[in-house]
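Worksheet for the structure shown next.
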Amino acid sequence: MTPDPTWWRDAAIYQVYIRSFADSDGSGVGDLPGIRSRLPYLRDLGIDAVWITPFYPSPMADGGYDVADYRDIEPQFGTLADADALIADAHELGLRVIIDIVPNHSSDQHRWFQAALAAGPGSPERDRYIFRPGRGRDGELPPTDWESTFGGSAWARVPDGEWYLHLFAPEQPDFNWENPEVVEEFEDILRFWLDRGVDGFRIDVANSLKKDQSFPDVGAEDEAILVAHEGPDHPFWDRDEVHEVYRGWRSVSDAYGVDRTFVAEAWVDSPERLARYTRADELHTAFNFSFVRAPWEADVLRATIDECIAAAAAVGAPTTWVLSNHDVTRHATRYARLDSTGGGVSDEARVGPDTPIDPALGLQRARAATLLMLALPGSAYIYQGEELGLPEVVDLPEDVLADPIWERSGHTVRGRDGARVPIPWSTDGPSLGFGAGDPWLPQPKAWSALSVEAQDGVDGSTLELYRSALRRRHGDAALGDGSLRWLDGPADALFFERADEGSRLVCAVNIGPDAVPLPAYDEVLLASGPLDEDGALPSDTAVWLRPA
Ligand code: NOJ
């Protein structure tokens, strides 16, 4: 790859959820050779980089976010040689590769955790994780009231009576980031993958590594949930000390050259707190989840965009934009809700089998939202299948649900599997071209018509909309990094201009119920749906214009 110190500032990055992207061996589960075979598709889509969700050896208690060995590949996904070949092929095609790193917790099958169990209380092995005695007369009560993000106590007891912390599933014990051995180990793991040529890392739950060493109770009403927490005073979410870790990581990546990059996954409450992760000596970028959480309402979207750009700019970082990922309800379904305007992404707000939705409305809004996202300054993340307009699968049979949230919630919260169904490549075949076997989650029959094969070359298809938008984003200096200027327009619409190197582009998005007149323009470059006969911009439609 040609070194480029700023490629990440305006990259379009495609998220591959490895289990569900492409299955090369008929196992029903996606794998590295599968991804490799589809790289030309990704190049043609017009993205700059792929982010691959964890591919490490894992018992899959949390879909691979329970890592048993950070320096190897899960056998069902392939081998280290497959990873090397994938990185080489991607680079050959001009695509960068970002991998997931999971530093908050390992799998309980990791050799360090097994050694900790064997070594017993007070041992150096236990000190790599967070073991504590319990409360109560016989230590039978957990050390604190902290709750796991997946439900239930965040502490599990081992046979000798001690408890260990797991902010996620019990099979995901939290590391002790006070221990220098943990710090050194992760810096070494980064080097292991940088040496193999990866271009960057997506950092899983980047905001939870440091815990308040006095281990205070949180208080029942402030318990941990996936999407609402912040603050230097919280015992484990977003503590100020976590930034030391990333200053160390930045020196590691900088030693490999200027174009290796990090993106933090940090669900924090404000753009200002998020921006702290992207200060000049820390991480390059962080996912901007304020945008994911924003409902389909013009004033909220406008304010969110402004706040996020301003907070990132204050530390010299670009912002990022995300509409969908493997943890939230796909945006085509979020925006389909008839009982809200679709901003909720927490477990409680997920779209379920009984939520009233209008799928056609959802897709129309999703396409408009994508043109909005791809016109904003900064980098943008595309979750596999959103380029096909895939909806969330809200009615998966209960007996196939694999998300630990389903079990941990006592079968009250279905979890995230509906966003993780293997994607359809062709109109028929045992798993619509995903692979030769039965996919690990069943695909709806209707996905045949949403497959790549069904949409390829079809004017107006969602796939062709994404291709055109990404192609233009590449070729047009006005798009990508930079700033935006809001233009006057109707209250329910967002009109803004992007300009750079003599190129100007206007994005107009109508979020209100009635058609609105377009701002003055010379040419319609791209539209998320048909314009009205009189040239007005219909409801829930976005357009890119060459301004007059
Ligand atoms: C965030 C990941 O995206 C999610 O899938 C996972 O369950 C948690 N972190 C825990 O690793």
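One-based numbering, in listed order, for ligands and for the atoms of each. We number each residue from 1, following the sequence as shown. These numbers come from a predicted model, not from an experiment.
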A student checking ligand 1 against E265 at a 4.0 Å heavy-atom cut-off should list atoms 1 (C), 3 (O), 9 (N)

Please verify the inter-ring angle class for Y70 with F175; under 30° counts as parallel, over 60° as perpendicular, anything in between as tilted. tilted

- Assess the pair W406 and H411: is the distance between their ring centroids shorter than 6.0 Å? yes

Taking the ring of H326 and the ring of Y65, is the distance between their centroids below 6.0 Å? yes

So the atoms of ligand 1 within less than 4.0 Å of a heavy atom of F150 turn out to be 7 (O)

The atoms of ligand 1 lying under 4.0 Å from a heavy atom of H105, numbered in the order shown, are 10 (C), 11 (O)

Quick note on ligand 1: atoms under 4.0 Å from a heavy atom of R416 include exactly 4 (C), 5 (O), 6 (C), 7 (O)

For R420, the ligand 1 atoms with a heavy-atom partner under 4.0 Å come out as 5 (O)

Check your understanding: Would you call Q15 a ligand 1 contact, heavy-atom distance under 4.0 Å?
Key -> no

Practice task
Would you please classify the geometry between the Y381 ring and the F287 ring as parallel, tilted or perpendicular, with 30° and 60° separating the classes?
Solution key: perpendicular

- [ ] Indicate the ring-plane relationship of W193 and F55, choosing parallel, tilted or perpendicular according to the 30° and 60° boundaries.
- [x] tilted

